[in-house]
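Chain letters run A, B, ... following the sequence lines, proteins first, then strands; residues in each count from 1. The structure displayed is predicted, hence computed values, not measured ones.
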Amino acid sequence: MKGVTVTMDEMFDVLIIGSGVVGSAVARELSRYSLKIGVLEKEPDVCCGTSARNSGVLHAGFNNKPGSLMARFCVEGNRGFDEVARELDIPYKRTGKLVVGFTPTDRERLLAMKETGDKNGVPGLEIVDRNRINKLAPAVRGEFALWSPSTAILDPFQYTLGLAENAALNGVRFFFNNEVTGLEFSDGIYHAKTTKATYRSRWVVNCAGLGSAKISAMLGMGEYTIHPCRGEYFVLDPKIGPLLPLPAYPIPNPAEGGLGIHVTPTVDGNVLIGPSSEYIDGDDDYSCTQQAMDLLIKGGSKILPAIKREHFIRNFAGIRPKLTSESEGGFRDFVIERRPEAPHAVNLVGIESPGLTAALPIAGEVIRLMQQVETFSPNHGFNPVRKGITPFRNKTPEQQAELIKENPDYGEIVCRCETITKAEVLAAIRNPLGVDTVTGIKYRCRTMMGRCQGGYCQTRVAELIMQESHKTPEEVLYSREGSYQFTGTVR
Amino acid sequence: MLREFTCICCPNGCTMEAVVEDGVLTKIAGNLCKRGRTYVEQELIAPTRTISTSVRVDDGELPLVSVRLTAPIPRERIFDAMAEIRKQRLTAPVVTGQVIIKDVLGMQSDVIATKTVRKAEP
Amino acid sequence: MEMIRKRVVIIGGGPGGLAAACELHRKGIRDILVLEREHQLGGILRQCIHDGFGLTRFGQTLSGPEYADRFIDEVKKLGIECITDTTVIDITPDRVITSASASGLLQISADAIVLTMGCRERTRGALSIPGNRPAGVYTAGVAQAYINLKNIMVGRKAVILGSGDIGMIMARRLTLEGVKVVAVFEIMPYPSGLPRNVEQCLNDYGIPLYLSHTVTSINGKSRLESVTVSEVDASLKPIPGTEKEYECDTLILSVGLIPENELSLKAGIELDPRTRGPVVDEDYQTTTPGIFAAGNVLHVHDLVDFVSLEAENLARAVVAYLDGSLPSCGITIETDSSIGYTVPQHISGEKDITLSLRVRRPMKPCTLELWQDSKLLATKTLRKAIPAEMEQITLPVGQLVNTNSVKVVARNA
């Protein structure tokens with residue numbers, strides 16, 4: 001970690017626990033006020049858990065029970081996203097989405113979903129026939145479908161990063177590798193003990209995702225249990241990307257507590273298949289299993305038969321922080337509360353799908369609950385605009401020539417699969433949050449994400465990390481603490 | 001006694017069946033050329049091998065120069081030779097063919113550079 | 001943007017590209033440009049510091065850098081123009097190349113383009129090995145680059161998955177540098193690299209090779225802690241109950257190479273799913289006229305000598321193309337299930353043609369046969385044939401009875 005230190009006595013107005021998409025959104029929205037804000041994160045970077053490991057879909061809100069917080073915040077989050085994406089300079093695309101059906105029963109269920117969506121205020125839902133599917137996504141199977149024009153795709157890491165970097169630019173401080181191990185409340189002050197130090201604050205916001213029940217118990221609200229439910233994914237080569245212009249879903253099984261194995265394009269042109277759904281014991285077991293992988297191939301091919309084994313680039317797993325157990329199934333609504341037993345704590349538990357879409361409205365709700373007891377004065381210096389790394393690829397040759405002219409490092413292609421330049425890698429290494437792990441760089445600029453998975457560029461990236469952050473080989477970390485990449489020099 | 005050998009002299013990697021009596025090769029089959037026989041004879045007396053590795057270079061455009069032996073050495077002395085090579089430290093420039101260690105450990109084999117490492121541009 | 005014209009542009013300054021450049025020059029072509037993305041010429045050979053190269057091409061055994069130097073010196077002596085630190089980012093079907101470097105974008109319109117981009121390694125993702133994603137999992141070539149080029153050591157105790165040549169060579173390289181190499185596991189019932197590498201890289205150092213075994217789980221949340229290995233059955237599926245855990249901090253993958261053809265696709269070139277390289281005719285011309293391919297971008301070779309020889313043959317064909325005298329190649333080479341692939345895939349029937357091919361599985365004494373309809377055109381007897389070794393057979397001109405396809409088969413003798 002570069003340049004992040006805290007003295008024992010340092011006092012914050014607000015400590016946010018967790019820097020997933022919700023924690024980052026809360027941080028960014030709170031930075032509109034004149035407050036001293038810190039974010040405690042157990043991982044070495046933002047967005048290492050559930051927020052990053054999902055389908056990357058901005059949901060429309062037709063899967064959620066009318067009147068629920070999930071429904072309300074999902075629809076609201078979707079509606080406001082154009083402006084947010086512009087402010088944060090993040091890639092996203094209003095592709096729309098199809099939920100495909102084959103049988104008369106399927107049609108009934110699609111109609112029910114449409115009705116739910118209409119009630120929730122989802123715009124433009126339609127049941128469409130095969131002819132329309134042919135126009136929208138000819139490679140997708142299905143006799144008919146629910147068409148949702150407002151669904152979009154986004155890069156969940158870039159979105160979270162945009163929120164966090166914008167928060168940092170507006171004064172919020174991030175403390176990584178700081179897992180909260182205890183919370184004490186005395187004389188109106190919270191003492192948050194972490195694996196690294198102790199932090200003091202007047203307010204605490206629990207945005208700990210998979211760890212939210214643990215933090216909730218530390219706050220004196222011990223009745224919650226998180227049931228971790230793992231979902232595995234395959235990432236496919238962009239070669240198959242043109243076949244899938246939009247996410248295509250099956251009809252969800254209501255007993256399962258997920259949306260079913262679907263196929264979705266990413267903003268970078270890859271295709272994802274997933275997720276599986278498996279309740280597990282630990283809350284950080286991100287391993288992938290042969291059984292789930294076999295299931296994904298089967299499930300994915302049902303909707304997109306063109307999928308072939310040679311398209312697979314890699315797999316990953318995410319974990320849903322569910323409030324419902326395996327036997328209960330389905331979804332339970334978000335818990336967002338401020339309770340008398342902890343009046344200066346906002347407790348968020350069970351923020352699962354559609355949490356990515358709903359993150360900003362959730363942050364708004366958190367601030368509303370806080371302002372019930374305290375009025376915050378505005379931060380007059382707040383700037384909602386954050387600039388991302390300007391990519392070289394997908395620009396016209398004229399624009400590319402211009403970029404190189406301004407900065408010759410744009411002419412050095414480091415990652416050939418994704419056409420990522422040295423300028424972008426350097427910008428990623430010099431990020432405002434001070435993260436310098438290999439995966440941190442990888443997610444920021446997409447180097448090593450392509451079909452060769454760093455076969456060509458990773459030695460160069462490692463070299464640049466060492467150069468820029470003055471590290472020896474032993475000090476280069478792949479991701480979390482202890483994940484050393486190298487054991488030293490040869491000579 | 002019948003013994004099987006895989007020749008390492010060229011990429012063909014001939015699998016050879018050798019009849020060995022009292023440590024002497026009496027019959028050989030499977031080799032495409034005469035190097036196979038020479039190889040087996042040498043294996044029976046004392047196997048020899050060459051090695052390739054690297055030596056540290058200061059002030060070079062690369063941190064290492066690749067090196068190899070000019071002649072095979074007894075196989076059991078490989079790690080002795082490695083220890084000698086590991087002690088070396090050069091300063092750029094280094095040129096291909098440059099002798100780094102003459103007659104390493106008296107084994108009638110030189111350690112030479114197999115790459116040119118120029119001085120780093122300032 | 002600047003647009004220049006060139007007679008021949010060669011993409012990739014490794015052993016294929018440099019051999020093609022020299023041969024083109026010797027055949028009288030002067031307006032040649034070699035584009036190389038690295039700072040130095042030589043391609044992958046710069047990191048292949050072991051010896052064993054050059055016996056076929058130069059009659060002596062050299063290390064990779066020395067082998068490359070032979071061509072680099074020749075290119076310099078002939079005064080062939082090479083631009084390094086330059087990456088080609090686009091090729092159009094009408095042969096306009098766009099390249100990027102720190103000095104800007106360059107567009108080149110070429111009469112002929114030679115593709116010699118080499119290949120890349122298959123990765124863990126492509127294999128979909130279950131388990132965690134800790135640090136310490138490297139492909140063999142990446143580990144080789146760290147150790148031989150960057151002076152960085154990747155671990156202390158290694159397991160190697162796959163018995164490809166680079167994997168075995170890295171087993172030896174790591175052992176020499178004091179790393180404990182626990183074992184090499186190969187999913188097939190036979191080694192996938194050359195027999196001499198089993199001998200001199202594994203047997204010499206007492207490194208066990210387990211055939212019909214594969215890694216079925218990668219364990220460790222931060223740094224790799226162990227791998228789980230299982231035996232596989234005849235259909236390569238892991239056999240439950242055979243799992244065994246091996247403690248290690250490093251996993252080296254040597255599980256195959258894939259021709260690097262992203263640029264070829266942009267140029268509209270058809271690829272052969274078997275080689276994953278371009279479909280070419282007997283003159284190494286791809287399906288896009290005026291674009292030629294040789295070396296590992298065309299099909300993965302086991303020996304660099306054959307890469308250079310193939311590129312030299314390609315150069316002679318490019319000269320004929322520039323003279324406007326290449327024949328059309330309407331005869332397709334077909335294979336049965338005994339053959340993995342052939343290169344070329346199409347021939348004219350107007351001259352002697354040497355086909356390069358690989359058998360699909362190891363065979364003891366066997367014959368390669370070329371058939372047209374019911375006529376046997378040529379045969380070649382081999383003492384053995386293994387997928388790791390490329391074989392060649394020549395089809396003499398005048399043997400063809402018609403313009404139908406020709407079929408290649410391998411039969412046990």
Ignoring hydrogens and angles, tell me if any N or O in the side chain of C:Thr139 forms a donor-acceptor pair with the backbone of C:Thr123 under 3.5 Å. no
Out of the candidates C:Arg120, C:Glu262, C:Met117, only one should pair with A:Arg416 under the side-chain contact (heavy atoms from CB on, under 4.5 Å) rule; please name it. C:Arg120
Measure A:Arg309 against the heavy atoms of chain C and call it side chain, backbone, both or neither at under 4.5 Å. side chain
Check: A:Ile429 main-chain N/O paired with A:Asp436 side-chain donor or acceptor under 3.5 Å: no
Please classify the contact of C:Leu265 with chain A as side chain, backbone, both or neither, using a heavy-atom distance under 4.5 Å. side chain
Geometric class of the C:His299/C:Tyr341 ring pair [parallel <30°, tilted 30-60°, perpendicular >60°]: perpendicular
With only heavy atoms counted, which part of A:Pro397 is less than 4.5 Å from chain C, the side chain, the backbone, both or neither? both
Report yes or no: do C:Thr98 and C:Gln107 form a side-chain donor-acceptor pair below 3.5 Å? yes
Does either side chain, that of C:Thr216 or that of A:Gln290, offer a donor lying less than 3.5 Å from an acceptor on the other one? no
Among A:Tyr286, A:Phe486, A:Phe392, the residue with the most heavy-atom pairs under 4.5 Å to chain C is A:Phe486
Should the pair C:Glu177-A:Arg491 be classified as a salt bridge under the 4.0 Å nitrogen-to-oxygen rule? yes
Which residue out of A:Ala317, A:Cys417, A:Cys452, A:Ser479 racks up the most heavy-atom pairs below 4.5 Å with chain C? A:Cys452
Pick one of side chain, backbone, both or neither for A:Ile413, based on which atoms fall under 4.5 Å of a heavy atom in chain C. both
Residue A:Glu481 versus chain C: region with a heavy atom under 4.5 Å: backbone
What orientation do C:Phe185 and C:His213 show, parallel under 30°, tilted 30 to 60°, or perpendicular over 60°? tilted
Hey, which of A:Met293, A:Lys239, A:Gln400, A:Glu412 has the most heavy atom pairs under 4.5 Å with chain C? A:Met293
By a 4.5 Å heavy-atom criterion (distance strictly below it), what part of A:Asp237 contacts chain C: side chain, backbone, both, or neither? neither
Residue pair A:Thr266 / A:Asp268, side-chain donor-acceptor N/O under 3.5 Å: no
Report the option among C:Ile129, C:Thr87, C:Asn151 that has the most heavy-atom pairs separated by less than 4.5 Å from atoms of chain A. C:Asn151
Go through the atoms of A:Tyr410 and report whether side chain, backbone, both or neither lie under 4.5 Å from a heavy atom of chain C. neither
Heavy-atom pairs under 4.5 Å with chain C, option from A:Gln458, A:Arg480, A:Glu398 with the top count: A:Gln458
Under 4.5 Å from a heavy atom of chain C, the part of A:Asn315 involved: both
